[in-house]
Amino acid sequence: MIISWNTTNKCNLKCSHCYRDSGKESQGELNTEEAKLLIDQIAKANFKIMIFSGGEPLMREDIFELINYASKAGLRPVLGTNGTLISREIAEKLKAAGISAIGISLDSLDSKKHNKFRGNNEAFRDTIYAMKNCRDLGIRFQIHTTVMDWNKDEIISLTDFSVAMGAAAHHIFFLVPTGRGKDIEDELLSSKEYEELLTSIMKKQSEVKIEIKPTCAPQFVRIAEDLGVNSRFKRGCIAGRSYCIINPKGDVQACAYLTEVAGNIREIPFDEIWKNSELLNNLRTQEYKGTCNSCKDKKSCGGCRARAAYYNDGDYMASDKICIFNN
């Protein structure tokens, strides 16, 4: 059971694909006391891992206090960050607060490409320093990469880089065009490229000891099974089933890219939203439409519900357009 909280919309970068269109702080973001109440409710709902993301979570002044509070509440606190703010001092504070792991974004081994995508000329340099600081202090970290048509040929090399840097995992995100991502929709992979890359990624998993996890690409479970690759992940899309996200103002969503709101924690306690939301309970039925419903891999894959909604006028139970079985 994993939950991600977008702690703030404030961010020091201007990434091309940001689903939150982050930059400035939003009015009405959860304050410290509201955040602690949310953490209590998340623990009550039996979640185990809590991701503090953003925007850039390190721009919240109370982030170390909240990480520590989550740890004491029995959750495993994880940070999702662009990495540029993790100096040695910040890394030490994160460790002291009880952080369990840190996900750091790196989209290319070419510094110019990474910097352009992230909207900052020092992003690559600072991100590498962040990884080194985590490694030197013994903080578990993993590398996050967003796949676009211009970096698809680097993905396997980025896995090798993750191994060389001492990362525990390489998580590979397949973009759903929401937020600023809508402006770069023409840079997404075709269905054929998507299938081929997932196949290459799963083959790579059998060659390396670190964990490789495609995200928003549930078809990887089918491909891993077909290739006989040993992966601990047996379920593709987990949105609304064992995962959800909360935005800076307290809106609960099934995932970051599925914009429909299940409820707001200022009006209804999170544990009640998780249990009773019509949106979340619909997703749990797995009563999909079209190809996704008749597919033999329905239960293990489930298709990307956010992508289904984006390309089917908001119908999150429709078929996943990018799947090769739909083309």
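Hydrogens, waters and symmetry mates play no part in the numbers below; they use all other heavy atoms, side chains included. Along the sequence shown, residues are numbered consecutively beginning with 1.
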Count the heavy atoms of every other residue, nucleotide or ligand shown that sit under 6.0 Å from [atom1] of [X], and state whether that count exceeds 12.
X: Lys213; atom1: NZ; result: yes
X: Asp313; atom1: CG; result: no
X: Asn230; atom1: CG; result: no

Is the His17 ring parallel, tilted or perpendicular to the Phe117 ring (thresholds 30°, 60°)?
->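 Because their plane-to-plane angle is under 30°, the rings of His17 and Phe117 count as parallel.
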
Has the side chain of [X] got a donor or acceptor atom that lies under 3.5 Å from a matching backbone atom of [Y]?
X: Lys192; Y: Leu189; value: no
X: Arg88; Y: Asn133; value: no
X: Asn151; Y: Val147; value: no

Any Lys/Arg nitrogen of Arg305 or Asp320 sitting under 4.0 Å from an Asp/Glu carboxylate oxygen of the other?
->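 No salt bridge links Arg305 with Asp320.
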
Indicate yes or no: does Lys152 engage Glu196 in a salt bridge with an N to O separation below 4.0 Å.
->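 Between Glu196 and Lys152 there is no salt bridge, as every charged N stays at least 4.0 Å from the carboxylate O atoms.
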
Verify whether the ring centers belonging to Tyr257 and Tyr316 lie closer than 6.0 Å.
->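 Ring centroids of Tyr257 and Tyr316 are no less than 6.0 Å from each other.
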
By side-chain hydrogen bond (donor to acceptor under 3.5 Å, both in side chains) - contacts of His144 (at least two apart) =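 Only Gln142 meet the side-chain hydrogen bond (donor to acceptor under 3.5 Å, both in side chains) criterion with His144.
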
Could you tell me whether the side chain of Phe161 reaches within less than 4.5 Å of the side chain of Ile128, counting heavy atoms only?
->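 Answer yes - side chains close enough.
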
